[in-house]
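Each remark here refers to the structure printed beneath this line.
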Amino acid sequence: MNLIDLHTHSTASDGSFTPRELVALAHKAGLKALALTDHDTIAGLDEALAAGQELGLSVVPGVEISINGDELLGKPASLHVLGLWVDPGHPGLLEGLKTLQAARARRNPLIVAKFNDLGIPLTLEEVAAHAGGQLIGRPHFAQALLERGIVRNRGEAFARYLAAGAAAYVPKYRFEPAKGIALLRAAGGLPVLAHPGMLKLPQFDLESLLRRLMGLGLEGLEALYSEHDTATRLALTRLAARLGLVVSGGSDFHGRPKPEIALGTGLGNLRVPTALLAALRQRRDRVLAVAGGRQQVIMV
Ligand code: AMP
Ligand code: FE
Ligand code: FE
Ligand code: ZN
């Protein structure tokens, strides 16, 4: 088997496995490479990289951020962008992620207040306990609701309370597209649009979105994704080739918060070939070389 998974979450964000456990799981599953791409944080990267070294598994340090897609799509929308091979010590990236984490810290009590207004006595402490002291996101609210018996499953928690427009929804602060993509690039990351099929855009609109994002520095497209059906994976792979975007693939494994998604294989039929890794790395080296070149020019 020569498979990889370039989109996963750990306890550093809203996954249920620690970075070390995740790497061990990937190793056991026989994957050749794993990217850790937690939401808004790189706190798990050092541990994942160390575990990768120990087990001889190639670990790609990554991150996933949301950018504001309202203007690009002409309707309320968030776009998720992965940064592959970000430098875990990059000061600008740390600063940017701090901004996003601070925004979450402001948002979480507002979500609690909405639940309290609905007569559900949820507390922030309770939700934080599910987050294990790390970054708090909506999946942790879903878990708290589930344990209180207020909902029967996580899907219901999102549909009734947490999804956009639902009763306890509070929007999340996002960077504007140019800023988010530039932030990832500055930290050496290859910007890849995550799960583009989930946007459910007609081909023409998706293509125009991608062209505009490429103008802002987008380099890759996550054509292979758990929740893309076979036809979508194929169409996106072709579109990427036509536009000059490099193809990526990953499961978006979270562990318990998304129990139906398996590491590597997604809903069962995901296969991300190792060959993609070399193409992605090559593209990343090219992007970095250009960035380095620019820096040199500025220094001269
Ligand atoms: P947040 O970053 O706090 O806004 O939470 C977003 C996360 O919630 C996503 O990354 C998913 O992991 C999860 N999520 C979003 N929608 C759903 C849903 N309908 N069912 C289960 N999990 C979801
Ligand atoms: Fe998530
Ligand atoms: Fe995402
Ligand atoms: Zn994700």
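These values consider heavy atoms only, across backbone and side chains, with no hydrogens, waters or symmetry-generated copies.
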| message | Under the salt bridge (Lys or Arg N to Asp or Glu O under 4.0 Å) definition, can you give me all pairs with a residue in residues 156-172, not counting sequence neighbours? | response | R152-E156, E156-R160
| task | Compare every heavy atom of R271 with every heavy atom of L224, then report the nearest pair and how far apart it is. | result | CD1-O, 3.8 Å
| query | At their closest point, which heavy atom of L84 faces which heavy atom of S248, and how far apart are they? | reply | CD1-OG, 4.0 Å
| query | Are the side chain of R185 and the backbone of G217 linked by a donor-acceptor contact shorter than 3.5 Å? | reply | yes
| message | For a 4.5 angstrom cut-off between non-hydrogen side-chain atoms, does S66 reach L100? | response | no
| query | What are the two closest non-hydrogen atoms of D70 and A77, and how far apart are they? | reply | OD1-N, 2.9 Å
| query | If you take all heavy atoms of V247 and A223, which pair is closest and at what distance? | reply | CG1-CB, 3.9 Å
| query | Between atom NE2 of H90 and atom CG of L183, what is the distance when rounded to the nearest 0.5 Å? | reply | 8.0 Å
| query | Does any non-hydrogen side-chain atom of Q282 lie less than 4.5 Å from one of V246? | reply | no
| task | Would you please test L36 and L45 for side-chain contact (heavy atoms from CB on, under 4.5 Å) and show each step? | result | CA-CA 7 Å; L36 178 61; L45 295 186; 4.0 Å; yes
| request: Please name the pair of heavy atoms, one in A194 and one in L82, separated by the smallest distance, quoted to 0.1 Å. | output: CB-CG, 3.9 Å
| field | N/O donor-acceptor pair under 3.5 Å between R233 side chain and S226 backbone | value | yes
| query | Between the main-chain N or O of D40 and the side-chain N or O of Q101, is there a donor-acceptor pair closer than 3.5 Å? | reply | yes
| message | I'd like to know if the side chain of D38 reaches the main chain of D14, judged simply by a donor and an acceptor atom lying under 3.5 Å from each other, with no hydrogens or angles considered. | response | no
| query | If you draw a 6.0 Å radius around CZ in R212, do more than 12 non-hydrogen atoms from other residues or ligands fall strictly inside? | reply | yes
| query | Looking at side-chain heavy atoms only, is the closest gap between L201 and L73 below 4.5 Å? | reply | yes
| NZ/NE/NH1/NH2 to OD/OE distance under 4.0 Å, E126 and R148 | yes
| message | With a 3.5 Å distance limit and no angle check, can you tell me whether T37 reaches the backbone of T8 through a side-chain donor-acceptor pair? | response | yes
| request: Could you tell me whether a side-chain N or O of H130 sits under 3.5 Å from a main-chain N or O of V127, the two making a donor and an acceptor? | output: no
| Between H80 and H39, what is the ring plane arrangement, given parallel below 30°, perpendicular above 60°, and tilted in between? | perpendicular
| query | Quick one: does R256's side chain have a donor or acceptor within less than 3.5 Å of a partner on S16's backbone? | reply | no
| request: Please examine the side chains of L213 and L79, heavy atoms only from C-beta on, and report whether any two atoms are closer than 4.5 Å. | output: yes
| query | Can any side-chain N or O of R104 pair as donor or acceptor with the backbone N or O of L135 at less than 3.5 Å? | reply | no
| message | What I'd like to find out is whether the side chain of T41 reaches to under 4.5 Å of the side chain of L97, using heavy atoms alone. | response | no
| Pairwise side-chain contact, L236 with L206, heavy-atom cut-off 4.5 Å (strictly under) | yes
| request: Determine the interplanar angle of the H9 and H254 rings, folded into 0 to 90°, and report it as parallel if under 30°, tilted if 30 to 60°, perpendicular if over 60°. | output: parallel
| Looking at L218 and L210, what are the two nearest heavy atoms and their distance? | CD2-CD2, 4.0 Å
| request: Applying salt bridge (charged side-chain N to carboxylate O under 4.0 Å, His left out), run through R242 and E207 and close with a yes or a no. | output: CA-CA 10 Å; R242 191 152 58 76; E207 183 171 331; 2.9 Å; yes
| field | Residue pair L277 / V60, side-chain heavy-atom distance below 4.5 Å | value | yes
| Would you call F141 and I136 a side-chain contact if the rule is heavy atoms closer than 4.5 Å? | yes
| remark: By ring pair (Phe, Tyr, Trp, His ring centres under 6.0 Å), F158 pairs with (sequence neighbours left out) none
| task | Mind running side-chain contact (heavy atoms from CB on, under 4.5 Å) on E64 and H195 for me, showing each step along the way? | result | CA-CA 11 Å; E64 179 176 20; H195 37 72; 3.4 Å; yes
